[in-house]
Visitor: 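Right, I'll just put the structure down here and ask away after.
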Amino acid sequence: MVNAPRSAPRPVDDSADSVLQFPDNRLLIDLCGELDRNIAQIETGLGVMITRRGNELAVHGPAPERAMAEQVLRALYARLEQGRPVTPGDVEAALRMTPAPDGGDDGRAQLDMFGDGARLEIRTRKKVVEPRTPAQKEYVRQLFRHELVFGLGPAGTGKTYLAVAAAVSMFLEGHVDKIILSRPAVEAGERLGFLPGDMREKVDPYMQPLYDALNDFFPARQVQKMMEERQIEIAPLAFMRGRTLANAFVVLDEAQNATTMQMKMFLTRLGEGSRMAVTGDMTQIDLPRGVMSGLVEAERVLRGVDGIGFARFGPEDVVRHPLVAKIIRAYDKLGDGR
């Protein structure tokens with residue numbers, strides 16, 4: 001049984017120290033990070049001060065923030081005890097997932113994230129993918145629970161990335177026979193004219209984000225081989241008409257640029273043993289003015305239908321550069337996210 005680090009908070013004033021003891025000095029070094037960058041990240045995120053004394057970390061600051069820092073440090077140390085690394089992204093995830101002390105959660109939601117029994121993770125050939133915000137955690141749960149899931153929210157929240165990761169995981173586990181990734185071939189407010197080359201060369205620029213995600217989960221040579229064997233298909237949405245997609249995990253990306261008829265056509269392709277994930281950002285619709293987005297209508301029509309999951313993301317779920325969340329909030333204040 002893994003021994004959790006022991007906390008010995010000193011019952012003095014509101015800005016007292018809490019002291020955490022960590023029995024393994026090697027793991028403590030990894031917990032602190034190179035040049036104590038993990039500690040600095042926690043200090044900045046929570047407004048506390050953390051100092052090391054031998055095999056102890058002393059946390060100084062107001063009681064609520066101090067309690068959150070303790071939870072983060074415990075969870076990250078437990079992760080190291082399980083043989084899993086701690087990266088700056090994992091520290092950021094721990095900060096996001098740790099509930100406020102007055103939230104009535106007593107830390108269990110955060111421990112679910114990094115603990116042994118209830119953690120949600122997606123295993124692929126090249127890496128293990130973990131949700132980094134509560135909304136991502138719920139999204140992953142829905143991807144494995146429902147046959148049709150809509151992921152709605154701004155750019156940078158991991159909607160497509162997690163959907164492709166789930167598709168890869170279910171393929172590797174034998175739950176589906178193929179992965180189909182699709183997007184509407186709509187330019188983002190530009191007219192590129194006629195592109196040279198054959199059909200694949202014409203549509204590849206639109207599909208590149210999907211290739212990027214696949215290459216994160218499979219070796220590049222394996223992706224090429226699987227595409228040749230039709231185990232992976234990447235195609236524009238228009239190519240879906242007339243097909244029945246059985247025993248496949250199908251991801252429709254940038255679905256806000258699908259028309260109403262295209263969305264209905266796509267959703268009715270769902271075949272036996274298949275799953276679908278539909279992702280999009282309804283503030284970035286590039287359809288001609290006056291054309292209804294099929295994603296907007298699908299949310300209105302299908303909301304509340306049993307067996308269909310909806311996961312919604314906000315600026316707080318952005319896991320790209322921190323400036324991305326600030327940019328999204330700034331545009332939201334204008335009432336125009338386009």
Visitor: Using every non-hydrogen atom in the two residues, find where I122 and A165 come nearest and quote the distance to one decimal.
Guide: CG2-O, 3.1 Å
Visitor: Identify the two heavy atoms, one from A258 and one from P184, that lie closest to each other, and give their separation to 0.1 Å.
Guide: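 Where A258 meets P184 most closely, the heavy atoms are N-CG, 3.8 Å.
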Visitor: Are the charged groups of E228 and K225 less than 4.0 angstrom apart, N to O?
Guide: no
Visitor: Return the minimal non-hydrogen interatomic distance between V59 and A69, and the atom names on each side.
Guide: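 For V59 and A69, the tightest heavy-atom pair comes out as CG1-CB, 3.8 Å.
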Visitor: Working to the nearest 0.5 angstrom, can you tell me the gap between Q262 CD and S293 OG?
Guide: 10.0 Å
Visitor: I'd like to know whether V129 forms a side-chain contact (heavy atoms from CB on, under 4.5 Å) with V140, so could you lay out the CA-CA distance, the side-chain angles of the two residues, the decisive distance to 0.1 Å, and finally the verdict.
Guide: CA-CA 10 Å; V129 181; V140 170; over 6 Å; no
Visitor: Please check: side-chain N/O of Q41 versus main-chain N/O of P88, any donor-acceptor pairing under 3.5 Å?
Guide: yes
Visitor: I42, L35: one ILVMFWY side-chain cluster at the under-4.5 Å cut-off?
Guide: no
Visitor: Search all heavy atoms of S18 against all heavy atoms of E70 and return the closest pair with its distance.
Guide: OG-OE2, 2.9 Å
Visitor: Is K264 reaching over with its side chain to a backbone N or O of T259, donor-acceptor style, under 3.5 angstrom?
Guide: no
Visitor: With distance as the sole criterion, is a donor-acceptor pair present between the side chains of Q284 and D281 under 3.5 Å?
Guide: yes
Visitor: For the backbone of I39 and the side chain of D36, can you confirm whether one donor and one acceptor N or O come within less than 3.5 Å of each other?
Guide: no
Visitor: With the side chain counted from C-beta on, respond yes when L20 and R74 share a heavy-atom pair under 4.5 Å apart, and no when they do not.
Guide: yes
Visitor: Looking only at atom types and distance, does a side-chain atom of Q256 sit under 3.5 Å from a main-chain N or O of T283, one as donor and one as acceptor?
Guide: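 The answer is no, because no donor-acceptor pair under 3.5 Å joins these two groups.
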Visitor: Can any side-chain N or O of N38 pair as donor or acceptor with the backbone N or O of L31 at less than 3.5 Å?
Guide: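 Confirmed, N38 side chain pairs with L31 backbone.
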Visitor: Measure the acute angle between the ring planes of F310 and F150, then classify it against the limits of 30° and 60° as parallel, tilted or perpendicular.
Guide: parallel
Visitor: Can I308 and V149 be said to form a side-chain contact (heavy atoms from CB on, under 4.5 Å), step by step?
Guide: CA-CA 6 Å; I308 298 179; V149 176; over 6 Å; no
Visitor: Do D317 and T157 pair up side chain to side chain, a donor and an acceptor below 3.5 Å, judged on atom types alone?
Guide: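 Distance-only check fails for D317 and T157.
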Visitor: What's the spacing between I180 CD1 and L245 CG if we round to 0.5 Å?
Guide: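 Reported value, rounded in 0.5 Å steps: 4.5 Å.
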Visitor: How close do P236 and S182 get, counting heavy atoms only, and between which atoms?
Guide: C-OG, 3.4 Å
Visitor: Just wondering, do L57 and F22 contact through their side chains at under 4.5 Å, heavy atoms?
Guide: yes
Visitor: Would a hydrophobic clustering, with Ile, Leu, Val, Met, Phe, Trp and Tyr connected at side-chain separations under 4.5 Å, put V291 with F266?
Guide: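 V291 and F266: one cluster.
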Visitor: Look at the side chain of S274 and the backbone N and O of N247, then say whether any donor-acceptor pair between them is shorter than 3.5 Å.
Guide: yes
Visitor: Look at the side chain of R230 and the backbone N and O of M226, then say whether any donor-acceptor pair between them is shorter than 3.5 Å.
Guide: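 No, because the side chain of R230 does not come within donor-acceptor range (under 3.5 Å) of the backbone of M226.
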Visitor: Within the supplied structure, the quantity of interest is the number of heavy atoms (other residues, nucleotides, ligands) at a distance under 6.0 Å from R312 CZ; does it exceed 12?
Guide: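 Buried by this count: over 12 neighbours within 6.0 Å.
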Visitor: When rounded to the nearest 0.5 angstrom, what distance separates CZ in R300 from CD in E297?
Guide: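 One finds 5.0 Å between CZ of R300 and CD of E297.
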Visitor: I want to check something: taking the side chain as every heavy atom from C-beta on, are E299 and L295 in contact at a cut-off of under 4.5 Å?
Guide: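 No, too far: nothing below the 4.5 Å cut-off.
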Visitor: Under a 4.5 Å side-chain heavy-atom rule over Ile, Leu, Val, Met, Phe, Trp and Tyr, are F249 and F144 clustered together?
Guide: yes
Visitor: Could you give the distance from CG (D90) to CG (L76), rounded to the nearest 0.5 Å?
Guide: 7.5 Å
Visitor: With the threshold set at 4.0 Å, does a side-chain nitrogen-carboxylate oxygen contact exist between K178 and E233?
Guide: yes
Visitor: With heavy-atom distances below 4.5 Å as the criterion, would you say the side chains of L152 and F313 are in contact?
Guide: no
Visitor: Rounded at 0.5 Å granularity, tell me how far CD1 in I29 sits from CG in L80.
Guide: 11.5 Å
Visitor: Exactly one of L214, V251, I179, V223 should register a side chain to side chain contact (heavy atoms under 4.5 Å, CB included) with I234. Which one does?
Guide: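 Of all the options given, the one that passes is L214.
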Visitor: Tell me if the centroids of the rings in F217 and Y161 come within less than 6.0 Å of each other.
Guide: yes
Visitor: Could you state whether L181 and L172 fall into the same hydrophobic cluster, counting links through intermediate Ile, Leu, Val, Met, Phe, Trp or Tyr residues with side-chain heavy atoms under 4.5 angstrom apart?
Guide: yes
Visitor: Near E229 CD, under 6.0 Å, is it more than 12 heavy atoms from other residues, nucleotides or ligands?
Guide: yes
Visitor: Between V301 and L287, is there a shared hydrophobic cluster once you connect ILVMFWY residues whose side-chain heavy atoms come closer than 4.5 Å?
Guide: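 V301 and L287: one cluster.
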Visitor: If every non-hydrogen atom of C32 is compared with every non-hydrogen atom of R52, which pair is closest and at what distance?
Guide: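 Taking every non-hydrogen atom into account, SG-CD, 4.5 Å.
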Visitor: Hey, what do you get for CG (L162) to NZ (K137), rounding to the nearest 0.5 Å?
Guide: 13.5 Å
Visitor: Kindly say whether L237 contributes a backbone atom to a donor-acceptor pair with the side chain of R183 at under 3.5 angstrom?
Guide: no
Visitor: Is a side-chain donor or acceptor of R66 paired with a backbone partner of G61 at a separation under 3.5 angstrom?
Guide: yes
Visitor: So that I can tick it off, tell me whether R275 and E147 are bridged by a salt bridge, with the cut-off set at under 4.0 angstrom between side-chain N and carboxylate O.
Guide: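 Looking at R275 together with E147, the answer is no, because their closest N to O distance does not fall below 4.0 Å.
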Visitor: Are the side chain of N215 and the backbone N or O of Y211 linked by a donor-acceptor pair below 3.5 Å?
Guide: yes
Visitor: Going by an N to O cut-off under 4.0 Å, is there a salt bridge joining R53 and E56?
Guide: no
